[in-house]
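Working notes for the structure below.
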Protein chains: 2
Amino acid sequence: MATMTDVARRAGVSVSTVSYVLTGTRPISEATRDRVLAAMAELDYQPNAMARGLASRKSNIVGLLLPLTGRGLGATETAFVTGATEAAREAGYHLMLCPVGAADSDELQSLATQRLLDGFLVMEVQLTDRRVELLRKLESPFVLIGRTEDGAGLACVDIDFEQTVDDAVAHLVDLGHETIAYINHSPASLASGYGPAKRTEAAFQAALERHGITGVMVPTEDTAAGGRAAIQRAREECPALTGVLVMNENAALGILAELREAGLDVPGDVSVVSMVTSEVVADLASPALTAMTSPGAVLGAAATRVLLKRLAEDDGSTYEELLPCALEVRGTSGRAKKRKTARSARAKR
Amino acid sequence: MATMTDVARRAGVSVSTVSYVLTGTRPISEATRDRVLAAMAELDYQPNAMARGLASRKSNIVGLLLPLTGRGLGATETAFVTGATEAAREAGYHLMLCPVGAADSDELQSLATQRLLDGFLVMEVQLTDRRVELLRKLESPFVLIGRTEDGAGLACVDIDFEQTVDDAVAHLVDLGHETIAYINHSPASLASGYGPAKRTEAAFQAALERHGITGVMVPTEDTAAGGRAAIQRAREECPALTGVLVMNENAALGILAELREAGLDVPGDVSVVSMVTSEVVADLASPALTAMTSPGAVLGAAATRVLLKRLAEDDGSTYEELLPCALEVRGTSGRAKKRKTARSARAKR
DNA sequence: ACGCTTCGTCGAAGCGTTTCGACAAAGTTA
DNA sequence: TAACTTTGTCGAAACGCTTCGACGAAGCGT
């Protein structure tokens with residue numbers, strides 16, 4: 001393994017000169033630069049990352065903090081990871097996967113103090129997240145994917161849930177739907193203050209009022225079975241519903257199956273729109289799901305770029321970037337049936 | 001940020017002593033160890049990873065090589081990554097994601113030469129993979145997830161495709177199926193010599209002969225739409241089929257949908273068994289897929305442990321570990337219909 | 001009481017870079 | 001032409017750790 005000293009000797013210059021052509025920190029004449037470059041090529045020289053890191057106190061590695069618990073990652077999270085990884089590599093950085101949940105502060109503390117990582121990308125952010133306080137205390141640069149309760153002094157990149165709900169509801173309203181169910185995440189995540197669940201809940205209520213239509217909200221587990229149960233319950237509570245908004249890919253497929261088995265046609269009788277959904281899963285369904293496509297990879301890349309920019313400029317200002325999910329109309333949404341129920345519904349009271 | 005010198009001063013010992021209590025390389029008396037430990041605690045000392053790496057020429061980081069191309073990772077690959085990450089962390093290692101496909105040798109060359117990583121986990125291995133030659137040439141320890149044509153001198157961990165096919169076919173045969181279609185990966189991957197596709201193809205043929213039953217093999221794209229097309233074609237080529245084996249999760253869902261729309265009941269008329277499938281996707285289907293559950297996380301963990309063991313023992317011997325997929329009977333497989341076709345089929349000739 | 005090994009500790013020499021101050025040589029200004 | 005600035009290069013001091021050789025102090029057999 002050739003070292004910088006070898007290169008220097010071969011090129012007939014000092015090591016510092018070699019370092020300068022490598023880093024571009026000081027001007028070097030065309031002639032010497034060429035000699036040095038040639039020597040490097042001949043020796044197959046590659047700078048030693050550790051030595052570099054030690055001397056410059058930066059590793060060119062960023063850590064991706066994500067809880068690796070239970071059933072593993074969904075397609076959206078995965079896209080996020082790959083997007084971040086790609087973006088990092090394009091900027092000459094590396095990405096380290098750190099299985100660190102909101103709970104393991106010790107783990108994070110030692111990670112951040114080890115000086116192995118230049119900064120952090122934080123996934124699965126809770127509304128109040130101890131990792132955030134900790135990182136701030138340790139003065140480690142970081143960017144959140146998601147948002148905490150109070151975003152002051154933080155940099156975050158997130159999905160624009162409000163906009164996404166608005167767009168989804170608007171789509172259904174445009175199609176003539178006047179009674180819509182919102183199948184949210186689980187009661188547990190709602191109770192624990194999981195951001196996306198809370199935000200979309202509020203946005204859904206607001207959208208209902210704005211459009212002057214009615215709806216129900218039913219929380220559910222993130223599984224196909226959960227979706228089946230939820231749509232049953234929604235139809236009991238609100239038999240007139242013709243539109244369904246689902247916050248979860250897995251539940252969405254269950255809903256489709258349940259509706260089919262109940263003899264209802266999708267989108268003929270009921271329209272289903274899936275929120276924050278990956279294209280792969282949307283295409284898995286039959287018919288393919290009309291969905292708000294989550295910008296997974298784009299989000300990951302955006303977060304990474306924000307972090308790297310902050311590292312370069314030593315910038316710690318507040319920053320927020322929200323990306324909406326794009327409506328992708330596929331096979332599960334269509335015009336609402338004519339409201340022959342209007343009269344009978346009134347008669348019912 | 002406290003350094004080792006600070007700790008040494010505070011504990012009234014030399015830096016080397018501190019180092020020894022940290023690494024355990026040499027015996028240290030109970031008394032001094034305690035003093036040093038106390039000093040560390042008081043100063044919130046954390047060893048500097050870079051300095052450590054430089055001095056010891058090991059980083060405690062392993063790289064995970066995976067092509068990050070196109071549609072992103074499937075659930076199985078994702079499980080693999082998380083399994084590997086977890087296993088690494090448990091052993092005090094870190095995991096770096098390296099988007100390096102079989103093509104980017106340059107990228108890999110510099111990665112390996114930089115001395116940033118102690119070893120590599122190689123995913124998506126081709127039957128002849130340039131990364132393998134390169135890593136071997138550079139004398140970087142590595143473990144394959146998958147297998148190359150010739151495994152001599154290599155360490156690899158892989159799914160036992162032969163066993164998995166055997167088990168799946170046996171399951172169908174036990175249920176009385178005598179005509180089975182095998183929906184494999186795409187023609188392109190077959191042509192490029194993608195290991196799993198080739199191996200399962202051969203294993204399927206062998207299983208057919210062994211059981212004395214008939215079957216067809218149809219390659220298909222890895223999408224729901226691909227699955228639909230494939231099952232149509234399979235039924236044209238072989239109208240008597242009652243059992244289907246699918247090599248792809250996404251295609252499996254398409255097959256289910258297509259059969260349903262063709263008026264066939266699953267598992268009443270046709271049984272479907274999905275190979276190398278993640279539980280999440282299997283549960284997404286209605287009815288839930290009978291599947292050979294891929295040991296994603298377990299595989300990832302196994303590969304990591306093998307790599308770490310080789311790092312520790314400087315072992316470079318040939319090694320192969322094959323893990324089968326476990327049959328998980330869910331809702332898409334059942335007894336074959338009585339063969340009233342037997343006579344008419346014979347009459348046909 | 002003698003030479004032995006073993007134990008516990010220290011000092012110093014790296015590990016391969018970056019970075020700072022210094023300094024000739026060349027270029028610029030007045 | 002004197003007095004500066006800029007350009008290009010060098011040497012040496014970090015960076016924070018590991019590891020090697022050395023060595024006094026015990027512990028052991030004889």
Partners meeting side chain to side chain contact (heavy atoms under 4.5 Å, CB included) with [X] (sequence neighbours left out):
{"X": "Thr17(B)", "value": "Val13(B), Ser14(B), Ile28(B)"}
{"X": "Met40(B)", "value": "Val7(B), Val18(B), Val21(B), Leu22(B), Val36(B), Leu37(B), Tyr45(B)"}
{"X": "Ala51(A)", "value": "Asn48(A), Leu54(B)"}
{"X": "Asp44(A)", "value": "none"}

What is the separation between atom [atom1] on [X] and atom [atom2] on [N], rounded to the nearest whole Å?
{"X": "Asn48(A)", "N": "dG14(C)", "atom1": "CG", "atom2": "P", "value": "17 Å"}
{"X": "Leu116(B)", "N": "dG16(C)", "atom1": "CG", "atom2": "P", "value": "15 Å"}
{"X": "Met50(B)", "N": "dT18(D)", "atom1": "CE", "atom2": "P", "value": "14 Å"}
{"X": "Tyr45(B)", "N": "dG16(D)", "atom1": "OH", "atom2": "P", "value": "10 Å"}

Show each protein N/O and nucleotides 22-26 of chain D N/O combination with a separation under 3.5 Å, one pair to a line.
{"residue": "dA22(D)", "atom": "N6", "partner": "Arg26(B)", "partner atom": "NH1", "Å": "3.2"}

Which salt bridge (charged side-chain N to carboxylate O under 4.0 Å, His left out) pairs, counting each pair once, include a residue from [range], with sequence neighbours left out?
{"range": "residues 150-160 of chain A", "answer": "Arg147(A)-Asp158(A)"}
{"range": "residues 108-124 of chain B", "answer": "none"}
{"range": "residues 8-27 of chain A", "answer": "Asp6(A)-Arg9(A), Arg10(A)-Glu42(A)"}

For a quick test of your reading: what N or O donor-acceptor pairs under 3.5 Å do the side chains of residues 87-96 of chain A make, sequence neighbours left out?
{"residue": "Arg89(A)", "atom": "NH1", "partner": "Pro99(B)", "partner atom": "O", "Å": "3.4"}
{"residue": "Arg89(A)", "atom": "NH2", "partner": "Glu86(A)", "partner atom": "OE1", "Å": "3.3"}

Quiz item: Under 4.5 Å between any side-chain heavy atoms of Met123(A) and Leu65(A), yes or no?
Solution: no
Quiz item: Hey, what do you get for CD (Gln46(A)) to CG (Leu111(B)), rounding to the nearest 0.5 Å?
Solution: 9.0 Å
Quiz item: Can you tell me which stems DNA chain D forms when a stem means 3 or more consecutive Watson-Crick or G-U pairs under 3.5 Å?
Solution: C:3-30 with D:1-28
Practice problem: List for me each residue that meets ring-ring contact (aromatic ring centres under 6.0 Å, His included) alongside Tyr194(B), sequence neighbours excluded, and say none if there are none. | Solution: His185(B)
Quiz item: For DNA chain D, what residues of residues 10-25 of chain B have any heavy atom nearer than 4.0 Å?
Solution: Ser16(B), Ser19(B), Tyr20(B), Thr23(B)
Quiz item: With sugar-phosphate meaning primed atoms plus P, OP1 and OP2, does Glu30(A) contact a base, only sugar-phosphate, or nothing at under 4.0 Å between heavy atoms?
Solution: nothing
Practice problem: Describe the nucleic acid contact of Ile28(B) in one word from base, sugar-phosphate, nothing, applying a heavy-atom distance below 4.0 Å. | Solution: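 Sugar-phosphate, no base atom in range.
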Exercise. Output the single nucleotide from dG8(D), dT18(D), dG8(C) whose closest atom is nearest the side chain of Thr32(A).
Key: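 For Thr32(A), the side-chain atoms sit closest to dG8(D).
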